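See below for the structure under consideration.
Below, chains carry the letters A, B, ... as their sequence lines are ordered, and counting in each starts from 1. Treat the numbers as computed from the prediction; the structure is a model and nothing was measured.
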2 protein chains.
Amino acid sequence: MGAPQHDVASGRASDRAYAVLRRDIVEWRLEPGTVLGEVEQAERIGVSRTPLREALARLVADGLARQQRGRGVVVSEVSLDHLDDLFELRRALETTAARAAARAADRGPEEFDALAGAFLAAADSPAPAQDLDRVREHYFELSGRLDALIDGAAANPYLAQALRQLRVHLERIRRLARDDLPRLRASAREHAAIARAVAAGEPDVAAAATEVHLFHSLAHIAATAQPAAPPAAPPPAVHVPGQRAAPA
Amino acid sequence: MGAPQHDVASGRASDRAYAVLRRDIVEWRLEPGTVLGEVEQAERIGVSRTPLREALARLVADGLARQQRGRGVVVSEVSLDHLDDLFELRRALETTAARAAARAADRGPEEFDALAGAFLAAADSPAPAQDLDRVREHYFELSGRLDALIDGAAANPYLAQALRQLRVHLERIRRLARDDLPRLRASAREHAAIARAVAAGEPDVAAAATEVHLFHSLAHIAATAQPAAPPAAPPPAVHVPGQRAAPA
DNA sequence: GAGCGCCCTTCTGTATACAGAATCGACGCG
DNA sequence: CGCGTCGATTCTGTATACAGAAGGGCGCTC
């Protein structure tokens, strides 16, 4: 995401705790079902229980965690079973946003045009496969910029909020899929189509291009996703949540 | 809303504070721009600052309040300017939900049929104008049941969450409009059409009926809404918060 | 040997106490 | 007479201390 994201070193301890926990959940360092003990996480992050509690409340509000009866909060489950639900909502929101942005694009379509060009350039660049990480990073940055641009052009705070909340879940579940160079390039072209349609002020085309992209995106994720552990470090190490050996 | 809503007398003080504040904001007892001082509200509600703080965080997450730099949290602004934005999102979400519900209606369309009948009965009942409050209450209860039924049939937790958050804002802004008996009856018939389409398992029809209802609903609110103070007690009394009246 | 009940431990939920920051008012200066 | 600046006051943000409740483990009983 090219967007600034929440800074992990932000001023308030409450924000820090939220940012850390959110990042760890999205990046699957905290797996679904993990109990987020207050004292435990407070010590780990380095804040007191009060701001951590606030962070947990925000997490629950986001849907990244849920409150168990008496047992505190646990990281909410997410699996490929939710893919269709997630994309059903995503389709509703993003087509609406694309339509609204296209309607409002009479002022300043240049940015969308420029972004479309950047997407096409990224799609056609002869990047070797070894730079997959760089390509992916660049692609995500462009995607984030397009999202932000559409959000801004749509100028609908309620829609923007709904999209923001959706994207957290999307990013979490997307880590289950393994993207490759061909998919990234195809995705870049799909994004370019969206950007061009918005720049042209064509709401229906923008919505259609968005649907096309979402269809392919969903198909790719469903095809390449692994059912369980996501990052490239499945077997060993970390155990972030577990107990600390040293007594208090 | 016929839905259980949040009980104001719930167990945890945090929930109590949230329920009270949310109710006061939605019912316009706390007007937009009101500063929610922590000590002030904590004393008013009868809880300590800690749970109240948690409640404020949830309010901010809901979008009912926003956090000002250093100045604490204030009740978020809402005006008729947001009507179009709100209904743009509402259209996206509710048509999607209606479609999903209609697709899943092969199991148990009886409830939707029954609800459609109840709507039609309410629309045709010869209630005198003096019972407007009763009629309105009955209508809202039926609407809430239909919403809940659709949410359940759609079986999409992400969509349900987005709808839940939207409905809070909807209820707040709806208090600006003054409904009358003809509108309530027409609305009941529109709801009946939605329920019947869902029961029939016709996604497109259900979505179309939803769009029809939203169009009329928006038109009515825009036509009858007053720009500023909502409840039937504008001039005297309460002054729940500190002083306002002075624009920023 | 298995089921049940009791006690202990641990955790959440709440309240209070403390430190830093920002704001508002007043005073003095230009 | 207006503006900048300084100070007191109030507020938020954070940490800690305390009480109630739930869970798990153990022993007792059947």
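The distance between atom CG of B/L56 and atom C1' of D/dT12, rounded to the nearest whole Å, is 11 Å. One interatomic measurement links the two molecules: CD of A/Q68 to C1' of C/dT12, which rounds to 13 Å at whole-angstrom precision. Rounded to an integer number of Å, the gap from CG of B/L52 to P of C/dG13 is 16 Å. Remark: P of C/dT10 and CD of A/E43 are 13 Å apart, rounded to the nearest angstrom. Nucleotide C/dT10 holds its C1' atom 16 Å from the CD atom of A/Q41, rounded to whole Å. For the pair A/R12 CZ and D/dT12 P, the computed distance is 12 Å after rounding to whole Å. Rounded to whole angstrom, the span from the CD atom of B/E40 across to the P atom of D/dC11 amounts to 8 Å. Between B/E54 atom CD and D/dT14 atom P there is a gap of 14 Å when expressed in whole angstrom units.
Contact check on A/E88 versus B/R103 returns a salt bridge, with a Lys/Arg side-chain nitrogen under 4.0 Å from an Asp/Glu carboxylate oxygen. One finds a salt bridge joining B/D15 and B/R58 here, because a Lys/Arg side-chain nitrogen approaches an Asp/Glu carboxylate oxygen to under 4.0 Å. Ion pairing between a basic and an acidic side chain is recognised when a charged N comes within 4.0 Å of a carboxylate O; B/D24 and B/R44 show such pairing. Electrostatic pairing of B/E171 and B/R167 does not count as a salt bridge here, judged by no charged N lying under 4.0 Å from a carboxylate O.
Residue-level contact check: B/Q67 touches the backbone only, with heavy atoms under 4.0 Å from sugar-phosphate atoms and none from bases.
In this structure, the side chains of B/L86 and B/L218 stay at 4.5 Å or more apart for every pair of heavy atoms.
Within the model, atoms CH2 of B/W28 and OG1 of B/T34 stand 10.0 Å from one another, a figure rounded to the nearest 0.5 Å.
Relative to the side chain of B/E38, the nucleotides C/dG13, C/dC11, D/dT12 differ in distance, and D/dT12 lies closest.
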Give me the distances for all protein-to-nucleotides 15-18 of chain C N/O pairs that come in under 3.5 Å?
unit_1	atom_1	unit_2	atom_2	d
C/dA15	OP2	B/S48	N	2.8
C/dA15	N7	B/T50	OG1	3.0
C/dT16	O4	B/T50	OG1	3.2

